[in-house]
Amino acid sequence: MVDGDRKNDLGYIFTSIDCTGRHVALKRGTFAEKILKKHRELTAELIKEGIEFAHIVARDPEDSRRRSYYRIIINPVEGRTDFTNIKVVVEETKDEYDEIVTAHLVRHLKTEKSEGGILYDAGFAGKS
């Protein structure tokens, strides 16, 4: 799952290129201490898919350095077969990789905000 020894030495679970072409990384500490403690149903693979194949990317209206990635998925909770959404929050850095700061499931998107602006919409990607 880790992309190369150098990245492993830096403490990344993975590095990737998101759906908008930005370089993004998930640190081991963030995954273990911030995400898994509260959201044991999430895997690194689900989070990676959330940024690589997001349906919507929106800028956080309260912090312009942060982007929220939304992807519709089949609920990963054991015994569930309904659809839900994964939300992955990425913070822009001055480093080589922007950093995933959290991820969780969002049942209803009606409480999510778009005032920061939509940065990417898979429904319009590549259309003129």
Side-chain angles (χ1 to χ4, degrees):
M1 183 176 348
V2 176
D3 300 339
D5 292 334
R6 181 178 159 272
K7 294 173 183 109
N8 190 25
D9 291 343
L10 295 173
Y12 296 135
I13 290 181
F14 69 77
T15 62
S16 185
I17 297 176
D18 74 8
C19 58
T20 69
R22 297 185 66 92
H23 294 263
V24 178
L26 175 60
K27 290 184 176 178
R28 291 184 186 285
T30 302
F31 185 61
E33 299 299 319
K34 179 110 186 203
I35 298 171
L36 278 185
K37 277 191 173 182
K38 294 182 180 179
H39 310 287
R40 299 203 57 71
E41 70 281 1
L42 293 183
T43 64
E45 197 59 39
L46 270 177
I47 294 167
K48 188 175 183 183
E49 289 174 8
I51 62 159
E52 289 177 345
F53 305 108
H55 294 112
I56 297 284
V57 180
R59 180 147 329 268
D60 186 317
E62 296 173 15
D63 186 342
S64 64
R65 297 172 305 143
R66 291 191 172 192
R67 300 181 309 277
S68 297
Y69 296 70
Y70 299 93
R71 178 169 170 76
I72 301 167
I73 61 171
I74 295 173
N75 198 324
V77 175
E78 189 173 335
R80 302 283 301 266
T81 58
D82 56 318
F83 290 107
T84 191
N85 302 279
I86 185 169
K87 176 182 180 179
V88 182
V89 179
V90 174
E91 186 168 289
E92 294 175 12
T93 70
K94 294 181 181 180
D95 300 327
E96 183 178 2
Y97 300 102
D98 292 346
E99 185 178 331
I100 294 170
V101 294
T102 193
H104 57 274
L105 299 180
V106 178
R107 182 109 177 111
H108 301 287
L109 291 178
K110 65 183 175 183
T111 60
E112 298 297 307
K113 306 291 182 209
S114 65
E115 287 99 9
I118 301 298
L119 302 173
Y120 175 83
D121 182 340
F124 290 102
K127 296 179 182 176
S128 1

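The residues of the chain are indexed from 1 along the displayed sequence. The structure presented is a predicted model; accordingly, all values stated were derived computationally and were not measured.
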Asks: Going through the distances and angles, do K38 and H104 end up as a side chain to side chain contact (heavy atoms under 4.5 Å, CB included)?
Replies: CA-CA 9 Å; K38 294 182 180 179; H104 57 274; over 6 Å; no

Asks: Drop me the distance from R65's CZ to T93's OG1, to the nearest 0.5 angstrom.
Replies: 10.0 Å

Asks: If you group Ile, Leu, Val, Met, Phe, Trp and Tyr by side-chain heavy-atom gaps below 4.5 Å, do V90 and L42 land in one group?
Replies: yes

Asks: Please say yes or no: joined through hydrophobic side-chain contacts below 4.5 Å, possibly via intermediate residues, are I86 and I56 part of one cluster?
Replies: no

Asks: Please find the pair of heavy atoms, one from L46 and one from P76, that lie closest to each other, and give the distance.
Replies: CD1-CB, 3.7 Å

Asks: Is it the case that one hydrophobic cluster holds both L119 and V101, taking links as side-chain heavy atoms less than 4.5 Å apart, direct or via other members?
Replies: no

Asks: Is it true that a side-chain atom of R67 and a backbone atom of V57 form a donor plus acceptor pair closer than 3.5 Å?
Replies: no

Asks: Taking the side chain from D18 and the backbone from E52, do they hold a donor-acceptor pair closer than 3.5 Å?
Replies: no

Asks: Spell out, yes or no, whether Y70 and V24 are grouped together once hydrophobic residues are joined by side-chain heavy atoms under 4.5 Å, including indirect joins.
Replies: no

Asks: Between G116 and P61, what is the shortest heavy-atom contact and its length?
Replies: N-CB, 3.7 Å

Asks: Are the side chains of N75 and F83 in touch, meaning some heavy atoms are under 4.5 Å apart?
Replies: no

Asks: If I compare all heavy atoms of E99 with all of T30, which pair ends up nearest, and what's the gap?
Replies: OE2-OG1, 3.8 Å

Asks: I'd like to know if the side chain of N85 reaches the main chain of V106, judged simply by a donor and an acceptor atom lying under 3.5 Å from each other, with no hydrogens or angles considered.
Replies: yes

Asks: Of all heavy-atom pairs between A54 and A122, which one has the smallest distance, and what is that distance?
Replies: O-CB, 3.8 Å

Asks: First locate atom CG of L105, then atom CD1 of I73, and finally report the distance between them rounded to the nearest 0.5 Å.
Replies: 5.5 Å

Asks: Working to the nearest 0.5 angstrom, can you tell me the gap between T43 OG1 and F31 CZ?
Replies: 6.5 Å

Asks: Please report the closest heavy-atom contact between Y120 and T20, naming both atoms and the distance.
Replies: CB-CG2, 3.7 Å

Asks: Whether the side chain of D95 engages the backbone of Y97 through a donor-acceptor N/O pair (distance < 3.5 Å, no angle test) should be reported.
Replies: no

Asks: Is the closest basic N to carboxylate O distance between R66 and E91 below 4.0 Å?
Replies: yes

Asks: Before giving the answer on side chain to side chain contact (heavy atoms under 4.5 Å, CB included), spell out for L26 and I35 the whole-Å C-alpha distance, their side-chain angles and the decisive distance to 0.1 Å.
Replies: CA-CA 11 Å; L26 175 60; I35 298 171; 4.1 Å; yes

Asks: Are there over 12 heavy-atom neighbours, none belonging to E115, within less than 6.0 Å of that residue's CD?
Replies: yes

Asks: Taking atom CG of L109 and atom OG1 of T84, what is their separation to the nearest 0.5 Å?
Replies: 8.5 Å

Asks: Determine whether a donor-acceptor pair (N or O, by modelled atom type, separation under 3.5 Å) exists between the side chain of R59 and the backbone of S64.
Replies: yes

Asks: Restricting to non-hydrogen atoms, name the atom on E96 and the atom on H23 that form the minimum distance, rounded to 0.1 Å.
Replies: O-CB, 3.6 Å

Asks: The test is side chain to side chain contact (heavy atoms under 4.5 Å, CB included); show your working for V89 and D60 and say whether it passes.
Replies: CA-CA 9 Å; V89 179; D60 186 317; 5.5 Å; no

Asks: Can F14 and I47 be said to form a side chain to side chain contact (heavy atoms under 4.5 Å, CB included), step by step?
Replies: CA-CA 10 Å; F14 69 77; I47 294 167; 4.1 Å; yes

Asks: Is a side-chain N or O of H55 found less than 3.5 angstrom from the main chain of I72, in a donor-acceptor match?
Replies: yes

